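Lettering follows sequence order; numbering is per chain, from 1. The structure presented is a predicted model; accordingly, all values stated were derived computationally and were not measured.
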Protein chains: 2
Amino acid sequence: MSQTSTDILREAGISPSSQRVAIAEFVLHTGSHPSADEVLVQARKRLPGISVATIYNTLNLFVEHGLLRTFSLSQNHTVYDACTDPHHHFIDDETGRIHDLPIDAVRVSHDNFDDFDIREVQVVLRGRTNPQNPPAKLAK
Amino acid sequence: MSQTSTDILREAGISPSSQRVAIAEFVLHTGSHPSADEVLVQARKRLPGISVATIYNTLNLFVEHGLLRTFSLSQNHTVYDACTDPHHHFIDDETGRIHDLPIDAVRVSHDNFDDFDIREVQVVLRGRTNPQNPPAKLAK
DNA sequence: TCATTTTATAGAACTATTCTAAATTGGGAT
DNA sequence: ATCCCAATTTAGAATAGTTCTATAAAATGA
């Protein structure tokens, strides 16, 4: 890892308090698309007393500064996506889990529209996850 | 219009109560991607006493039967999209309004994935809406 | 008509998030 | 070091869309 969480925060113009670093350590480096609640659990492993309000404040701050995006899967299920490099998403129909897809795994093009200025193209693939071939941990 | 709302409901296996028809009349034929609240307002124009619970019950029923989809724009802003024919979406950055795009205005292809079975491809374009050329109703 | 099931309803309950107001912290300047 | 001030954190209340519950009303059909 070339950049510490502290560095990333500073570069984004965020002063790196211990709470913010504790949150960043997890949320900026996970590919798991956690909810605020899951962030809370992970952050408390590093900083046991951290409050719910701080989790929300900090996640919103990270979003405002472009470090995260929100993904609203359904009412009462919002999830955070680390803005590492551009990517697309696959969402599992059964579990709802989100997976990142390499940007070049999907090719998109679109017409020019008179009335719309396109800034960004988001692609979500949905479907089923196949049982894995290397049958890892079948045994309990 | 070739099919009445009643017909559409019957074909979907939903018995067409007056409440359901009142809701269907609006929500299955609008391109406005309304929230539950907006559906309530419109349904009450047709059936003044209809209850909030019925709006939610019915919208959920329509979703289960494939007549609608939900679109969760953010926490506390869920919107319903009539499943007429397949289409993509444009979302206005400023207003949050959703517009349908013809399916062939966007071309997408993707790799095959070992571990994912793709059932559906959703594309959302985001950006700004241009001021309209025919300057309709500039004057108040 | 009566019995049974389906549908609708009011209002309470729920839950993720935001708000509020007070407490704590940390980084200069002296 | 100590003081000050702004930034940050915090607990808990408030908010708002949705779901739940249990009752009532309506439709079905024998």
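Atoms CD1 (A/I55) and C1' (C/dT18) sit 15 Å apart, rounded to a whole Å. In this structure, A/I14 places its CD1 atom 22 Å from P of D/dA6, rounding to the nearest Å. As a whole-Å value, the separation of B/L47 CG from D/dA25 C1' is 14 Å. Distance B/N76 CG to D/dT18 P: 7 Å, rounded to the nearest Å. Atom OH of B/Y80 is separated from atom P of D/dT18 by 6 Å (rounded to the nearest Å). Whole-Å rounding puts the B/E64 CD to C/dT7 P distance at 12 Å. One can place CG of A/L9 at 15 Å from C1' of D/dA7, the figure rounded to the nearest angstrom. B/H77 places its NE2 atom 11 Å from the C1' atom of D/dG17, with the value rounded to the nearest Å.
Among C/dT15, D/dT9, D/dT18, the nucleotide with an atom closest to any side-chain atom of B/Y56 is D/dT18. Among D/dG17, C/dT17, D/dT18, the nucleotide with an atom closest to any side-chain atom of B/T78 is D/dT18. Looking at the side chain of A/A36, the nearest of the listed nucleotides C/dT9, C/dT17, D/dG17 is C/dT17. Out of C/dT9, D/dG17, D/dT9, the shortest distance to the side chain of B/Q19 is found at C/dT9. For A/R20, whose side chain is taken as the heavy atoms from C-beta onward, the closest listed nucleotide among D/dT10, C/dT18, D/dT8 is D/dT8. The side chain of A/S17 lies closest to D/dT9 when the candidates are C/dA10, D/dT9, D/dT18.
Closest non-hydrogen pair, B/R69 versus B/C83, comes out as CG-SG, 3.2 Å.
In this structure, B/T54 reaches the bases: a heavy-atom distance under 4.0 Å links it to at least one base atom across the strands shown. Counting non-hydrogen atoms under 4.0 angstrom, A/S15 reaches the backbone sugars and phosphates but no base. At a threshold of 4.0 angstrom between heavy atoms, the contacts of B/N60 are confined to the sugar-phosphate backbone, with no base atom among them.
Taking the six-membered ring for Trp and thresholds of 30 and 60 degrees, B/F113 and B/H110 have nearly parallel ring planes, at less than 30 degrees apart.
When only modelled atom types and interatomic distance are considered, B/D115 and A/H99 share no side-chain donor-acceptor pair under 3.5 Å. For the 3.5 Å distance criterion, the side chains of B/T54 and B/N57 fail to qualify, holding no donor opposite an acceptor.
B/Q75 has no side-chain polar atom (N or O) that falls below the 4.0 Å cut-off from OP1 or OP2 of C/dA16.
Between the OG1 atom in A/T58 and the CD atom in A/Q19 there is a gap of 7.5 Å [rounded to 0.5 Å].
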